[in-house]
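See below for the structure under consideration.
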Amino acid sequence: QVELVESGGGLVQAGGSLRLSCAASGRTLGWYVMGWFRQAPGKEREFVVAILWQTGSQRYAESVKGRFTISRDIPKNTVYLQMNNLNPEDTAVYYCAVDQGTLPKTAEYEYDYWGQGTQVTVSS
């Protein structure tokens, strides 16, 4: 079992920045991927970014490329999402997830464990 706890959400003005954190605890075996998804009101949950823990290989959604950066702190078992130049369309609940696989994937059904989510609100 893997437990994920997100933090760092909040309210920010358009053009501002936020950094989300996701701390993982429990049992992760072999190769695995940590990803971020988001769900805006009235919309389906969508892929944002993922990182392969062992190599640092990353995959981004087109909508966040150049603005969002994922990174990891291996000793702390924590992944970060630095979000810059935020706009109101980024408003959503952001979820951290783990997939025990070898490639960063974009489909949410591939992910086995999920955090509770953290709200990000961007005002115009």
Side-chain angles (χ1 to χ4, degrees):
Q1 189 71 18
V2 175
E3 290 79 44
L4 303 171
V5 179
E6 302 102 332
S7 61
L11 174 64
V12 64
Q13 287 189 333
S17 299
L18 280 175
R19 189 176 82 154
L20 306 183
S21 301
C22 175
S25 61
R27 201 172 176 204
T28 53
L29 301 176
W31 292 73
Y32 62 98
V33 173
M34 291 189 76
W36 287 97
F37 288 74
R38 65 186 182 185
Q39 187 167 22
K43 295 188 177 180
E44 294 187 353
R45 190 153 52 184
E46 65 174 3
F47 171 78
V48 176
V49 62
I51 186 167
L52 183 57
W53 192 257
Q54 280 72 9
T55 66
S57 176
Q58 301 170 16
R59 187 171 182 178
Y60 290 85
E62 287 297 323
S63 59
V64 305
K65 273 185 182 178
R67 300 188 299 123
F68 290 12
T69 303
I70 192 170
S71 61
R72 73 204 194 286
D73 185 326
I74 294 175
K76 292 185 178 179
N77 241 17
T78 297
V79 66
Y80 302 99
L81 180 62
Q82 178 66 42
M83 305 185 295
N84 297 328
N85 194 21
L86 286 160
N87 59 63
E89 290 69 40
D90 296 314
T91 295
V93 177
Y94 283 71
Y95 297 90
C96 176
V98 166
D99 163 37
Q100 299 205 284
T102 59
L103 289 173
K105 303 184 186 82
T106 63
E108 64 173 294
Y109 68 83
E110 300 274 10
Y111 288 77
D112 307 298
Y113 303 99
W114 292 82
Q116 81 289 351
T118 185
Q119 177 70 48
V120 171
T121 303
V122 185
S123 63
S124 56

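The basis for the numbers below is simple: all heavy atoms, side chains too, and nothing from hydrogens, waters or symmetry mates. Since the structure is predicted, the reported quantities are computational estimates derived from the model, not experimental observations. Heads up: numbering here begins at 1 and tracks the sequence.
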Looking at [X] and [Y], what are the two nearest heavy atoms and their distance?
{"X": "A14", "Y": "S124", "value": "CB-CA, 4.3 Å"}
{"X": "L52", "Y": "R72", "value": "O-NE, 4.4 Å"}
{"X": "I70", "Y": "W36", "value": "CD1-CD1, 3.8 Å"}
{"X": "N84", "Y": "S17", "value": "OD1-OG, 2.9 Å"}
{"X": "T91", "Y": "P41", "value": "O-CD, 4.4 Å"}
{"X": "Y111", "Y": "G35", "value": "CE2-N, 4.0 Å"}

(message) Would the distance check show the side chain of T78 and the main-chain N or O of K76 forming a donor-acceptor pair, the cut-off being under 3.5 Å?
(response)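 Checked: pair present.
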(request) Please confirm whether the backbone N or O of E46 pairs with a side-chain atom of E108, one donor and one acceptor, at under 3.5 Å? (result) no
Is [Y] close to [X] at the side-chain level, that is, under 4.5 Å between some pair of heavy atoms?
{"X": "C96", "Y": "W114", "result": "no"}
{"X": "R38", "Y": "D90", "result": "yes"}
{"X": "T69", "Y": "Y80", "result": "no"}
{"X": "D112", "Y": "D99", "result": "yes"}
{"X": "P104", "Y": "Q58", "result": "no"}
{"X": "N77", "Y": "W53", "result": "yes"}
{"X": "Q100", "Y": "Y113", "result": "yes"}
{"X": "L86", "Y": "F68", "result": "yes"}

(message) Nearest 0.5 Å, please: how far is SG in C22 from CD in E6?
(response) 5.0 Å
(message) My understanding is that only residues two or more places apart in sequence, or in another chain, count here; which of them pass salt bridge (charged side-chain N to carboxylate O under 4.0 Å, His left out) with K65?
(response)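 With neighbours one apart ignored, the set is E62.
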(message) Is there a continuous path of hydrophobic side-chain contacts, each under 4.5 Å between heavy atoms, that joins V79 to I74?
(response) yes
(message) Test of understanding: with side-chain contact (heavy atoms from CB on, under 4.5 Å), list the residues that count as partners of V120, not counting sequence neighbours.
(response) L18, L20, M83, Y94, V122
(message) Run the side chain to side chain contact (heavy atoms under 4.5 Å, CB included) test on R59 and L103 for me, step by step, so that the C-alpha distance in whole Å, both residues' side-chain angles and the decisive distance to 0.1 Å come before the verdict.
(response) CA-CA 9 Å; R59 187 171 182 178; L103 289 173; over 6 Å; no
